[in-house]
Amino acid sequence: MNAGQGNIPEKVIDAVLEQHDIIDTVSRYVHLTKQGKYMKGLCPFHSEKTPSFTVTPDRQIFYCYGCGKGGNAIKFRMEIEGLSFPEAVKIMAEESHIELPEGQGVVAIPPNPERDRLLQAYEWTTKFYHFLLKNTEHGKAAMDYLRSRGFNDKVIDQFQIGYAPDRWDTLTQFLTKRSFDLYEMEKGGLLSKRSDGEDYLDRFRGRVMFPISDRNGKIIAFAGRILGEGQPKYLNSPESKLFNKSRILYNLHLAKPSIRKLRQIVLFEGYGDVISAWEAGVQNVVATMGTSLTESHAALMKGMADEIVICYDGDRAGQAAVLKAIPLLENVGLGIRIAVLNEGLDPDEFIQKYGADRFSRQIVDGAVSTTKFKRIYLKKNHILLEEGGKIAYTKEVLPIIAALPSSTEREVYLRELATELQLSFDSLKQDCNEIRQSMQKNIPDGDNNDKRWNNGRHKKGQVPAPTLLPAYHTGERRLLAMMLQDTEAASYVEKRLGDAFNIDDHAAIAAYLYAYYAQGKPPDISRFMSSLHDDRLEKTVSSISMMETPPEWNVQELEDIIREVQKVPQKRQIDKKREEMVIAERSGDFLRAAQIASEIIALERQ
């Protein structure tokens with residue numbers, strides 16, 4: 001068992017890799033096409049228009065020749081979703097119904113005492129705030145507010161909602177009595193420092209408290225809504241050792257079973273909307289807690305679902321946020337529909353006004369395509385009864401329709417537009433075609449615009465230029481490539497060369513490989529990578545694995561490379577001696593220069 005694996009047994013890692021084929025794993029994020037024995041696509045980790053992202057089915061690895069990222073199926077999920085190794089294995093095990101042994105039900109992350117103390121503090125704080133809400137005079141006004149929002153006791157208990165009294169040191173005293181380090185609690189987002197910097201006070205005061213959990217159900221932060229007047233109205237915990245808001249979705253731990261069953265997520269902006277929808281019977285619901293949707297959120301959701309229904313507020317700000325979210329979700333290849341909320345209502349208000357059944361049928365099931373949503377959004381800006389309004393609206397809508405890749409889709413929307421505005425379908429189609437031709441002429445260099453969803457997530461100019469490697473460096477890589485494929489080749493190199501590689505990373509990989517084979521394991525590049533737990537070494541192994549090598553090794557080729565590798569230290573010594581000889585000659589010490597010259601001759605003979 002490897003400590004870097006977070007105490008996850010090797011048999012579980014092997015089972016996960018067995019069940020998660022690299023092609024199936026990568027294809028959820030990247031469109032792959034077959035090229036010989038490889039599959040190729042546009043790299044999801046950097047921006048490119050010529051595919052350099054390569055997947056090798058028989059070796060179960062991926063490697064990008066552009067940015068150098070590589071690894072097995074577990075590594076790909078780690079990179080694309082921002083997960084640790086234990087988290088990725090746990091999630092992938094759950095997806096394949098692989099049972100973790102007793103004690104492995106929660107991801108076993110390598111020991112981190114400060115993190116564990118912070119998790120304990122959040123758990124106790126949640127229970128404390130929940131108790132104050134339900135059982136004290138302090139919480140009465142907060143309870144009245146929640147009741148007015150339609151939250152019953154069952155929901156309040158399930159979501160562990162609480163109340164932080166409007167006092168300076170309620171939680172500070174609670175944590176002090178339980179011997180928590182207040183400096184750690186301040187770093188973890190539960191407390192704040194007083195302005196004089198000498199003491200600590202409660203971060204949340206006079207707020208209804210909504211605990212935020214990670215995907216495994218561990219409470220890692222809070223969202224607090226102020227009671228009455230005051231600013232800010234909503235306050236989230238700050239970023240901490242536990243909490244990264246760009247990677248956390250509210251309610252994901254409870255919504256996971258429903259999401260996996262339906263392969264669909266209903267996305268909200270706020271936790272109140274999620275709780276109302278949950279109580280209304282819609283359980284594949286998550287929220288970004290009022291923060292903007294990020295690329296990490298999109299990648300996380302892509303790993304669990306095929307379609308997103310965006311259900312933001314019906315006001316101008318909410319609808320503008322929808323337009324910003326659409327390209328982020330498109331970029332990871334998710335299907336998107338938009339819930340249309342009239343009258344400027346937010347989802348929670350709609351449920352309170354019209355009920356759960358109508359919300360489920362009209363808002364979620366009746367969500368529209370992105371093109372239709374953009375038409376509805378733009379229509380609000382124009383008076384269609386006037387000719388000028390019709391023309392202006394048409395000029396804004398046609399480029400949206402023209403950008404659609406499917407001619408059938410374009411025709412459907414053009415016919416709808418013709419009927420809506422009482423205009424000629426043929427004239428709209430002609431205008432649309434002209435706009436489309438103009439768009440295709442102006443496609444910028446860089447990304448593959450026909451596959452927008454697979455464009456890179458980083459700016460151009462970050463890919464290093466390839467460098468020509470010295471002969472011995474290439475030779476060492478070739479040795480390792482053969483050793484990765486054949487136990488006997490590795491055994492031969494171990495006897496002749498051992499760890500005397502000239503490149504430190506190559507020596508480290510060889511040492512790991514000798515140990516791997518010593519355990520009686522067969523050649524398997526994907527499984528070998530799982531034993532490394534070193535980013536740089538994994539990338540190097542991925543790169544080496546892409547080298548073309550003969551199907552069978554032979555002693556002569558290995559010997560030729562080994563001799564080349566063994567010469568390098570002597571060549572370096574000779575070069576150093578030559579420098580010393582030049583220095584001796586320049587200083588007039590010709591006796592010393594002659595002595596060094598004879599040493600060089602002796603080394604060259606060797």
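The shown structure was predicted, so the numbers you read here are calculated from the model rather than taken from an experiment.
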Partner residues of [X] under the ring pair (Phe, Tyr, Trp, His ring centres under 6.0 Å) criterion, sequence neighbours left out:
{"X": "F62", "answer": "F53, F76"}
{"X": "F501", "answer": "none"}
{"X": "Y516", "answer": "F528"}
{"X": "Y122", "answer": "F222"}

Open item on the list: Could you tell me if R477 and S543 have a donor-acceptor pair between their side chains, going purely by distance under 3.5 Å?
Closed with: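 Yes - a donor-acceptor pair under 3.5 Å links their side chains.
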
Task: Distance-only side-chain donor-acceptor flag, D560 / Q556, under 3.5 Å - done: yes

Between the side chains of [Y] and [X], is the shortest nitrogen-to-carboxylate-oxygen separation below 4.0 Å, so that they form an ion pair?
{"X": "R117", "Y": "E184", "answer": "yes"}
{"X": "K218", "Y": "E123", "answer": "no"}
{"X": "E557", "Y": "R478", "answer": "yes"}

- [ ] Could I get the full list of side-chain hydrogen bond (donor to acceptor under 3.5 Å, both in side chains) partners for K521, not counting sequence neighbours?
- [x] E10, Q519

Task: All side chain to side chain contact (heavy atoms under 4.5 Å, CB included) counterparts of A221, not counting sequence neighbours - done: I212, S237, F243

Open item on the list: My understanding is that only residues two or more places apart in sequence, or in another chain, count here; which of them pass side chain to side chain contact (heavy atoms under 4.5 Å, CB included) with E538?
Closed with: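 So E538 forms a side chain to side chain contact (heavy atoms under 4.5 Å, CB included) with K75, L532.
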
TODO: For Q485 and A481, indicate whether the former's side chain and the latter's backbone hold a donor-acceptor pair under 3.5 Å.
DONE: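 Present.
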
Open item on the list: Treating N284 as the side-chain partner and I259 as the backbone partner, does any N or O pair qualify as donor plus acceptor under 3.5 Å?
Closed with: no

If the condition is salt bridge (charged side-chain N to carboxylate O under 4.0 Å, His left out), which residues does [X] pass it with, not counting sequence neighbours?
{"X": "K256", "value": "E94"}
{"X": "E559", "value": "R496, R563"}
{"X": "K495", "value": "none"}

Task: Which atom of A255 lies closest to which atom of V286, heavy atoms considered - done: CB-CG1, 4.1 Å

- [ ] Taking all heavy atoms of R247 and all of L300, pick out the closest pair and write down the distance.
- [x] O-CD2, 3.7 Å

Task: Spacing of CD belonging to E330 relative to CD1 belonging to I336, to within rounding of 0.5 Å - done: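 Output value for this atom pair is 4.5 Å.
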
Open item on the list: Enumerate the salt bridge (Lys or Arg N to Asp or Glu O under 4.0 Å) contacts for residues 503-519, please, sequence neighbours excluded, ordered by first and then second residue.
Closed with: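 Found D505-R536.
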
Task: Qualifying salt bridge (Lys or Arg N to Asp or Glu O under 4.0 Å) pairs, either residue in residues 17-26, two or more places apart - done: E18-R527

